[in-house]
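Per chain, numbering begins at 1; letters A, B, ... match sequence-line order.
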2 protein chains.
Amino acid sequence: MRSVIQPDSQKRRPTFIEEARRRQIVQTAIRTIATRGFSQASLAEIARKAGISKGVISYHFDGKEALVEEILASLLREPADFVKARVDRENRPLAQLRAYVEANFEFMRTHRDHYVALVDLWGRRPDAASGGNRFDADAYEPSRHYLARILESGIEQGEIRDVPLRTTASLIQAAIDGVMLQWVLDEDALDLDAAISEVTDMITGHVRPFNSEAAS
Amino acid sequence: MRSVIQPDSQKRRPTFIEEARRRQIVQTAIRTIATRGFSQASLAEIARKAGISKGVISYHFDGKEALVEEILASLLREPADFVKARVDRENRPLAQLRAYVEANFEFMRTHRDHYVALVDLWGRRPDAASGGNRFDADAYEPSRHYLARILESGIEQGEIRDVPLRTTASLIQAAIDGVMLQWVLDEDALDLDAAISEVTDMITGHVRPFNSEAAS
DNA sequence: TTAAAATTTGACCATGCGGTCAGTAATTCA
DNA sequence: TGAATTACTGACCGCATGGTCAAATTTTAA
């Protein structure tokens with residue numbers, strides 16, 4: 001199927017059915033991982049939950065590893081798209097930064113399953129045989145870069161003090177991910193609303209110019 | 001062995017050999033998980049790396065789940081002990097807070113394997129059959145509580161402004177964990193020293209009283 | 001020294017896994 | 001309409017896993 005090389009070395013345009021099935025399988029797999037854990041998310045279990053035969057998964061995906069990569073891509077792309085849309089509503093960098101942080105949390109709150117599955121998938125190591133891709137690691141670079149650009153324009157416009165771009169971007173993402181992790185590990189251990197408010201304050205406070213008074 | 005109930009309902013004091021073997025097995029398992037991933041860390045592989053027979057693990061641990069719990073306990077206890085020792089050197093709460101953050105990162109830097117394994121283990125879900133313990137979630141409560149106490153005394157002494165204790169403790173731990181996570185996922189994507197410095201500044205800045213000038 | 005207890009071995013087992021495949025059904029399209 | 005392509009089924013395979021156990025070995029203690 002997908003692995004067949006076309007004469008013009010172009011990928012065959014996927015059928016309507018194929019796209020729908022792949023979506024269904026990925027979504028079912030995410031739900032399965034979130035509820036039962038990755039170790040219990042066998043192809044048989046995913047197929048059972050989806051109401052299809054196990055062979056269908058093998059038919060549409062070139063092995064379980066390929067399925068997992070598509071799941072991971074989905075888990076990272078969906079929140080990224082949502083956040084980007086929210087950020088694009090804002091004009092000024094500081095407001096964009098706030099929107100970035102808040103949109104992350106908003107998506108988080110409405111898609112807890114996604115993050116439970118993501119935390120589960122973090123533990124994966126690429127197949128030693130497959131030459132060891134670095135999908136996991138590289139997948140986080142775009143959001144760091146996106147954040148750094150927001151910071152950069154903020155600095156240019158004087159809304160943000162002269163922080164180191166990459167490090168600060170990592171730091172902001174780290175705070176978001178850290179709160180997310182605690183919330184995933186124990187939904188009740190954390191007052192999510194309070195944490196969101198505090199982390200947003202902390203971040204905006206950290207990047208605010210020294211001479212600034214009321215910025216938000 | 002360990003499951004035998006003693007007449008006086010006290011646990012039998014473990015033999016020297018037993019303690020040593022258990023330590024060895026746990027340490028070898030951590031190394032194996034860190035290097036090959038949990039999915040490849042079979043009892044056979046761990047035994048092979050330790051140079052012992054597979055049955056020894058079954059003899060000393062009541063199933064793989066019990067081994068994993070001991071690994072997890074070890075992964076959480078060791079840094080906690082280290083951090084506590086560093087915090088205890090300091091007298092004033094703000095210095096203790098700095099020590100807490102910095103000691104976390106110091107241990108992190110010298111024990112990357114531990115954290116690689118920990119991230120891998122986060123994805124585990126307790127056995128549905130075993131009544132679903134909440135070890136994972138509860139294991140993080142002590143450090144949050146410990147942090148909250150530091151903050152509390154800092155507020156009392158006026159070194160720290162009146163922040164919400166639990167939420168701020170969660171937030172601080174979240175920032176630490178978030179940086180740790182990025183570093184674990186990709187050692188090279190993050191300038192760890194710069195991140196440590198920034199996150200320490202951000203945290204101390206966040207809790208500093210409004211009227212304070214030079215605090216560190 | 002020796003009997004009991006603790007420890008280790010390695011072969012063995014049942015189970016569930018990812019993956020394959022011949023055959024069947026559904027869909028597409030000329 | 002009918003042949004070709006696409007999609008699906010369910011039985012099957014080889015394999016790695018966690019776990020067991022009788023027998024052998026080492027340690028303990030009387």
(request) Using whole Å, report how far CZ of A:R36 lies from P of C:dG16. (result) 12 Å
(message) Given C:dT9, D:dA7, C:dT8, identify the nucleotide with an atom nearest to the side chain of B:S53.
(response) C:dT9
(request) Would you mind classifying the nucleic acid contact of A:S42 as base, sugar-phosphate or nothing, using non-hydrogen atoms under 4.0 angstrom? (result) sugar-phosphate
(request) Select from B:F16 and A:K54 the residue whose nearest nucleotide in DNA chain C is closer to the 5' end of that strand. (result) B:F16
(request) Would you kindly compare A:S58 and B:G55 by the position of their nearest DNA chain C nucleotide and give the one closer to the 5′ end? (result) B:G55
(message) Parallel, tilted or perpendicular: which one describes the rings of B:H114 and B:H111, with boundaries at 30° and 60°?
(response) perpendicular
(request) Among B:L151, B:I150, B:T167, find the one that has a side-chain contact (heavy atoms from CB on, under 4.5 Å) with B:I172. (result) B:L151
(request) Take the protein atom CG of B:D62 and the nucleotide atom P of D:dG18, then report the distance between them rounded to whole Å. (result) 15 Å
(request) Using the six-membered ring wherever Trp is involved, compare the ring planes of A:W122 and A:Y140 and label them parallel, tilted or perpendicular (cut-offs 30° and 60°). (result) tilted
(message) Could you tell me how far apart A:I52 (CD1) and C:dA26 (P) are, to the nearest whole angstrom?
(response) 16 Å
(message) Between P on D:dG19 and CZ on B:F61, what's the gap in Å once rounded to a whole number?
(response) 12 Å
(request) Among C:dG18, D:dG18, D:dT6, find the nucleotide with the atom closest to the side chain of B:L43. (result) D:dG18
(request) Give a yes/no on whether any side-chain N or O of A:T15 is located under 4.0 angstrom from OP1 or OP2 of D:dA7. (result) yes
(message) Rounded to whole Å, how long is the line connecting atom CZ of A:R48 with atom P of C:dC17?
(response) 11 Å
(request) Could you tell me whether the phosphate oxygens of C:dT8, OP1 or OP2, come under 4.0 Å of any side-chain nitrogen or oxygen in B:R21? (result) yes
(request) Calculate the interatomic distance between B:K64 atom NZ and D:dA16 atom C1'; express it in whole Å. (result) 11 Å
(request) Using a cut-off of strictly less than 4.0 Å, decide whether A:H60 has a side-chain nitrogen or oxygen near OP1 or OP2 of D:dT6. (result) no
(request) Indicate yes or no: does A:E65 engage A:R124 in a salt bridge with an N to O separation below 4.0 Å. (result) yes
(request) Rounded off to whole Å, could you give me the OH-to-C1' distance for the A:Y59 and D:dT9 pair? (result) 13 Å
